[in-house]
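Here the structure is laid out as structure tokens; the discussion comes afterwards.
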Amino acid sequence: MQEPQKNISLKTLNTFGIDVSAELFSSFNTEEELKYLIELNKNEKKEVLILGGGSNILFTKNPEQWVWQNCIKGIEVISDSSNEVLLKVGAGENWHNFVLYCVDKNWGGIENLSLIPGCVGAGPMQNIGAYGAELKDTCHAVECIERKTGQSKTFTAQECEFGYRESIFKQKVKDQYVITYVYFKLSKNAKVNTQYGSIQQELDAMQIAEPTLKDVSNAVINIRQSKLPNPSELGNAGSFFKNPVISEAKFKSLKEKFPQIISYPAANGNVKLAAGWLIEQCGLKGFRQNNVGVHSKQALVIVNYGNSKGSEIWELSEKVIQTVKDTFDVELEREVNIY
Ligand code: FAD
Ligand code: NAP
């Protein structure tokens, strides 16, 4: 295993393309290599930042933490019955490649999550979700190594406390574990889920009446490619903000003032608002401030037009939060992890 490296540029390792450097950088390919780093760190005593694909991160300064890039690979079939398959997947596997691998085998449950950037190991962090599916729908368990002790611990899906873009890894046990493997239970007789409006529209446009898993995956890929900026062309980290969830009472009063407001039912009788709509109503869709801006096709996405600093992106996100607060009295929360 390579010795820790000093002053490594992270520009190509985060999809915002922010030009920062890690004072100390290592990558690990196996659990043994990870445990070796944990041993080394018993002397260094540094805070650690685990990096996957860097697609949900904003660096506002050079990270002081020791950056450990997770490169654990492998897709293993643990059990296989006539109905379902249980898979153990290395946290460093590319998420979209994993989805395509399963779609090709006709194992269903994650096809709606096609084309989400990043690695498998970051999936449980925010319970990645899109087009009516979430990681929690198929996640069976999450295997981890404790960052301080090097001890293994497996969280059952229930113990992960998955919620809307949430999990125990962002809350109670934040920064305590490295996710090394994720277990998925996928169906061999899966019914496709085309309820999310734009999927059905896209399948109609593709003239597909009885879609397969592959068709749904392709429909999702088509929609995403038409709406979302490709990070290799325009730096971004997907949705910068979460959709706010508010009480029914608060929603009623907002609906009186803004009859067109877009909403969806959420857990516990609450209401989910479309943050993109709120930002657009504030006139910020397409807004540009020097090298950063709110994307012109999707107001939830903040983009780096080139050479922007993380702090400029942060400042624009503050402006968005403040404007939405002043207009709707709704507090937007950042989804992207800030360092
Ligand atoms: P990173 O950005 O590398 O890390 C994210 C966080 O997880 C960091 O805090 C990091 O420390 C931590 N982390 C990463 N790996 C581990 C690990 N193994 N153990 C412990 N902690 C870890 N997200 C969605 O949910 N749905 C979408 O539809 C979606 N679409 C996107 C579209 C675009 C164009 C982009 C750029 C992003 C999108 N995202 C979406 C956000 C992002 O792709 C996901 O959140 C993804 O899971 C992040 O993976 P990553 O490997 O890049 O994580
Ligand atoms: P969209 O289809 O324009 O819809 C806007 C918002 O309304 C979405 O955020 C979605 O919430 C919600 N919504 C739409 N239809 C819904 C339904 N039938 N039931 C419940 N909620 C519904 O959204 P978009 O921006 O193009 O994104 C499409 C999907 O990809 C969404 O699921 C979105 O979360 C996901 N996505 C996520 C990221 C990210 O970085 N997190 C980036 C791009 C896309 P939800 O977000 O809760 O689904």
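Index from 1, following the sequence. Counting starts at 1 for both ligands and their atoms, in listed order.
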Determine, using ring centers only, whether Phe169 and Tyr177 are less than 6.0 Å apart.
no
Contact check: Ile50 vs ligand 1, nitrogen or oxygen atoms, below 3.5 angstrom:
yes
Tell me the closest heavy-atom pair linking Asn189 and Ser82, and the distance in Å.
OD1-O, 4.0 Å
Would you please say whether a donor-acceptor pair under 3.5 Å links the side chains of Ser239 and Glu335?
no
Side chains of Ile75 and Cys102: does their closest heavy-atom pair fall under 4.5 Å?
no
Indicate, as side chain, backbone, both or neither, the part of Asn243 found under 4.0 angstrom from ligand 2 when only non-hydrogen atoms are considered.
side chain
Protein residue, atom and distance nearest to atom 11 (O) of ligand 2, heavy-atom basis
Lys272 NZ, 2.9 Å
Which protein heavy atom lies closest to atom 24 (C) of ligand 1, and at what distance to 0.1 Å?
Gln126 NE2, 3.4 Å
Pairing of Lys309 and Asp19 as salt bridge, 4.0 angstrom limit
no
Tell me: protein heavy atom nearest atom 35 (C) of ligand 2, and distance?
Ala130 CB, 3.6 Å
Do Ile321 and Ile313 belong to the same hydrophobic cluster, where Ile, Leu, Val, Met, Phe, Trp and Tyr are linked whenever their side-chain heavy atoms lie under 4.5 Å apart, directly or via other members?
yes
Would you say Pro117 has any N or O atom under 3.5 Å from an N or O of ligand 1, going by distance alone?
yes
Interfacing atoms of ligand 1 (cut-off 4.0 Å, heavy-atom, Asn70)
18 (N)
Under-4.0 Å salt bridge between Lys35 and Glu32:
no
Element-labelled atoms of ligand 2 that are located less than 4.0 Å from some non-hydrogen atom of Gly238:
40 (O)
Going by the atom numbers of ligand 2, which of them fall below 4.0 Å from some non-hydrogen atom of Leu228?
43 (C)
Lys/Arg-Asp/Glu bridge criterion (N-O < 4.0 Å) met for Lys188, Glu84:
no
If only atom types and distance count, is the side chain of Glu315 paired as donor or acceptor with the main-chain N or O of Glu312 below 3.5 Å?
no
Show me which atoms of ligand 1 lie under 4.0 Å from any heavy atom of Asn236.
34 (C), 36 (C)
Ranked by distance from atom 9 (O) of ligand 1, the top protein heavy atom is Tyr339 OH, 2.7 Å
Note: ligand 1 atoms sitting under 4.0 Å from heavy atoms of Gly52 are 3 (O), 51 (O)
Counting from 1, what ligand 1 atoms have a heavy atom of Ala130 closer than 4.0 Å?
28 (O)
So which heavy atom in the protein is nearest atom 19 (N) of ligand 2, and how far is it from that ligand atom?
Tyr264 CD2, 3.7 Å
Pair Lys46 + Glu44: basic N to acidic O under 4.0 Å
no
Atom 33 (C) of ligand 2 sits nearest the protein heavy atom Arg165 NH2, 3.9 Å
Pair Arg334 + Glu318: basic N to acidic O under 4.0 Å:
yes
Which protein non-hydrogen atom lies closest to atom 1 (P) of ligand 2, naming both residue and atom, and how far is it?
Tyr196 OH, 3.5 Å
Of the protein's non-hydrogen atoms, which lies at the shortest distance from atom 6 (C) of ligand 1, and what is that distance?
Asn337 ND2, 3.4 Å
Please write down residue, atom name and distance for the protein heavy atom closest to atom 39 (C) of ligand 2.
Ser239 OG, 3.1 Å
Atoms of ligand 1 less than 4.0 Å from Tyr177 heavy atoms?
20 (C)
Is Lys242 salt-bridged to Glu166, going by a charged N under 4.0 Å from an acidic O?
yes
Note: ligand 1 atoms sitting under 4.0 Å from heavy atoms of Gly54 are 1 (P), 2 (O), 3 (O), 50 (P), 52 (O)
Charged N to carboxylate O below 4.0 Å: is that the case for Lys73 and Glu93?
no
Using a strict 4.0 Å cut-off to heavy atoms of Gly129, name the atoms of ligand 1 that fall inside it.
24 (C), 25 (O), 26 (N), 27 (C), 28 (O)
What part of Phe240 sits under 4.0 Å from ligand 1 if we count only heavy atoms: the side chain, the backbone, both or neither?
neither
Which atoms of ligand 2 have any heavy atom of Glu335 under 4.0 Å away?
39 (C), 40 (O), 41 (N)
Relative to ligand 1, is Asn56 under 4.0 angstrom through side chain, backbone, both or neither, heavy atoms considered?
both
When only distance counts, is Gly53 in polar contact with ligand 1, meaning an N/O pair under 3.5 Å?
yes
In terms of side-chain geometry, is the basic nitrogen of Lys172 or Glu161 positioned less than 4.0 Å from the acidic oxygen of its partner?
yes
Could you pull out, from Arg224, Lys170, Glu93, the option with a heavy atom nearest to atom 28 (O) of ligand 1?
Arg224
Which protein non-hydrogen atom lies closest to atom 53 (O) of ligand 1, naming both residue and atom, and how far is it?
Ala122 CB, 3.3 Å
re atom 41 (C) of ligand 1, the protein heavy-atom contact at minimum distance is Ser55 O, 3.8 Å
Stacked cation flag Lys88 on Tyr183, 6.0 angstrom / 45 deg:
no
Taking only non-hydrogen atoms of Tyr164, do any sit less than 4.0 angstrom from ligand 2?
yes
Between Cys139 and Val182, which heavy-atom pair has the shortest distance, and what is it?
SG-CG1, 4.0 Å
Within a distance under 4.0 Å of any heavy atom of Gln298, pick out the atoms of ligand 2 and give their elements.
24 (P), 25 (O), 26 (O)
With atoms numbered from 1 as shown, which atoms in ligand 1 lie under 4.0 angstrom from a non-hydrogen atom of Val178?
19 (N)
Pick, from Gln65, Arg147, Met125, the option with the minimum heavy-atom distance to atom 12 (C) of ligand 1.
Met125
Provide, to 0.1 Å, the distance between atom 26 (O) of ligand 2 and the closest protein heavy atom, together with that atom's residue and name.
Lys227 NZ, 2.6 Å
Taking the six-membered ring of Phe155 (Phe, Tyr or Trp), confirm whether the NZ or CZ of Lys153 is under 6.0 Å from its centre and within 45° of its axis.
yes
Side-chain donor-acceptor pair under 3.5 Å between Thr149 and Glu146, yes or no?
yes
One residue to check: Ile116. Relative to ligand 1, which of side chain, backbone, both or neither has a non-hydrogen atom less than 4.0 Å away?
side chain
Protein contact to atom 29 (C) of ligand 2 [nearest heavy atom, distance to 0.1 Å]
Tyr131 CE1, 3.5 Å
